[in-house]
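When a residue number appears, it is its place in the shown sequence, counting from 1. This one's a predicted model, so the numbers in the text were calculated from it and none came from an experiment.
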Amino acid sequence: MIAVVALLANVIGMLTTWVHQKVTWPMRVARTTRLTLEQVRTGKRSVRDLAKTVAGTAGAIAVLVVLMFPIYWIFTASLSEGAGLMSTEGVFADPSTYNLDAYRWVLFESSFTDALLNSLIVVFVTVSVSMSVVVPGAYALSRHEFRGRKKILYGYVLFTQVGAGLSIATLIALYVLFVNFGLSNNLLVLGLFYAAGAIPFNTWLLKTFMDNIPVSYEEAAVIDGAGRWEVIREVILPLSKPGIAVVLVFTFLAGWNEFIVARTLLSPENYTLSVELYALATAGQYDTPWTQFSAFAILFAMPVALIYFFAQSYVESGLSFGGMEG
C-alpha cells in the first residue's frame, strides 16, 4: 500500500511539474527575451551572435514542425468524418465535423481490446525476462573479472551488429523451428524470443552505464559494514535507475512495436496490436478505412508516448551521468 501511494505521489508530482512548465513557458520566453535585449543594449552580446541564435532557433522549430506534421495529420484524420485522410476542401477536414466515432469503433467494435491483451502478455514476458537477466548480467560484466568475460562482450556486440543482416534467414529458420515444435502461435514463446533478442544489446548498454559508477562508492559501503547484496541493493541499483529506465523503455519497445516476427508466427486470434493495425489497413477489398486506422494508430502509440513522458527525467539523468566524478 505504501509503495502504491508513493508511486501515485510521484506520478502526481511529475504531472504537476509538467503542467507548471507548460503554463509558465510564455513568462520564461518573455524573461529570456528581455535579458537578451538587455545584453545586446549593454554590449555584452553582439547583434551577430543574436542573429545566429535566432536563426538556429528558427531552424530547430522548422525541423520540429516537419517532424510533427505527420502526427498532427493522423490525429486530425482520426477525428474527421468519412474514411479519407484528406477532405475535398484540402489536406485537413473541417474542424466543425470532428467527432469520436472512429475511437468508439476501435474501442468497442474492433479487435483492439483482444489485441491489446495479447500485446500486454507479450510485453510482460519480454520485460520481465529481459530485466531479470540484463540487470545482474550488466553488474557482473561491469564489476567482475572472470574467464570468458571479453568473449561474452564481443559476442554481445557481434550479435547486435550482424543480427539485422541475417534477419531474413533467421526468420525462415525461426518459422520452421517453431512450426516443427508446435510453438508458432504461442504468445509466451514470442515474448521469450523478443527477450532473447533484447538481452545482448541492453546488457551491454547497462554495463557501460554501470562502468561510470565510481568503485569508491562500493568501497565506502563495504567499509561501513555492508555486504555484497546490500551494496548492490543500496548503492548500485539506486545509482543505476536512469540506465535501468532506459533499458526498460527499450525492452518494452522490443515487445510492443515488433511486427514481422509476430505477423509470421501468430494466428489472427493471437494478433498483437502491431499486426492488428496492419490487418485493419489491408482489410478493405477496395479501400482502407483511414479514419479508423488513424484512431487505432493513435491508441497504439499512446502507451509509448506515456512511457517516454514518465521516464524523461531518468533518461536525461542517464545521458548526463557520464560526467559524474568520484
Pairs touching residues 297-306 that satisfy salt bridge (charged side-chain N to carboxylate O under 4.0 Å, His left out), sequence neighbours left out
none
Out of L117, N257, D114, V122, which one pairs with T272 under the side chain to side chain contact (heavy atoms under 4.5 Å, CB included) rule?
V122
For A262, does its backbone N or O pair with a side-chain atom of E258 as donor and acceptor, under 3.5 Å?
yes
Would F108 and L273 show up in the same hydrophobic cluster when neighbours are defined by side-chain heavy atoms closer than 4.5 Å?
yes
Taking atom CZ of F75 as the centre, does the number of heavy atoms from other residues, nucleotides or ligands within less than 6.0 Å exceed 12?
no
V176-F193 co-clustered via ILVMFWY side chain contacts under 4.5 Å
no
Same cluster for L237 and W229 if Ile/Leu/Val/Met/Phe/Trp/Tyr side chains link at under 4.5 Å?
yes
Does F112 have any ring pair (Phe, Tyr, Trp, His ring centres under 6.0 Å) partners at least two apart in sequence or in another chain, and if so, which?
F296
Could you tell me if the side chain of V189 sits less than 4.5 Å from the side chain of V125, heavy atoms only?
no
Hydrophobic cluster identity match, V304 and M302, side-chain contacts under 4.5 Å:
yes
For F252, ring pair (Phe, Tyr, Trp, His ring centres under 6.0 Å) partners two or more places apart:
W256
The complete set of salt bridge (charged side-chain N to carboxylate O under 4.0 Å, His left out) pairs with one or both residues in residues 97-111, sequence neighbours excluded, reads D101-R104
V106 side chain reached by I298 side chain, heavy atoms, under 4.5 Å
no
Output for pair (S110 OG, L277 CG), nearest 0.5 Å, gives 10.5 Å
With sequence neighbours left out, the residues meeting side chain to side chain donor-acceptor pair (under 3.5 Å) with N270 are N185
Do E276 and N118 come within less than 4.5 Å of each other through their side chains, counting heavy atoms only?
no
Is a donor on one side and an acceptor on the other found under 3.5 Å between the side chain of T126 and the backbone of Y194?
no
Please indicate whether L35 has more than 12 foreign heavy atoms, meaning atoms of other residues, nucleotides or ligands, lying under 6.0 Å from its CG.
yes
Is a side-chain donor or acceptor of S130 paired with a backbone partner of V127 at a separation under 3.5 angstrom?
no
Expected output: side-chain S142 to main-chain Y139 donor-acceptor under 3.5 Å:
no
Under 3.5 Å donor-acceptor, S80 side chain and A77 backbone:
yes
side-chain hydrogen bond (donor to acceptor under 3.5 Å, both in side chains) partners of residues 50-60, not counting sequence neighbours, each pair once
R45-T53
Looking only at non-hydrogen atoms, find the nearest pair between F209 and P242 and report the distance.
CZ-CB, 3.9 Å
Would you say I223 ends up clustered with L239 if hydrophobic residues are merged whenever their side chains have heavy atoms under 4.5 Å apart, either directly or through other cluster members?
no
Below 4.5 Å, heavy atoms only, C-beta onward: do K207 and M210 meet side chain to side chain?
no
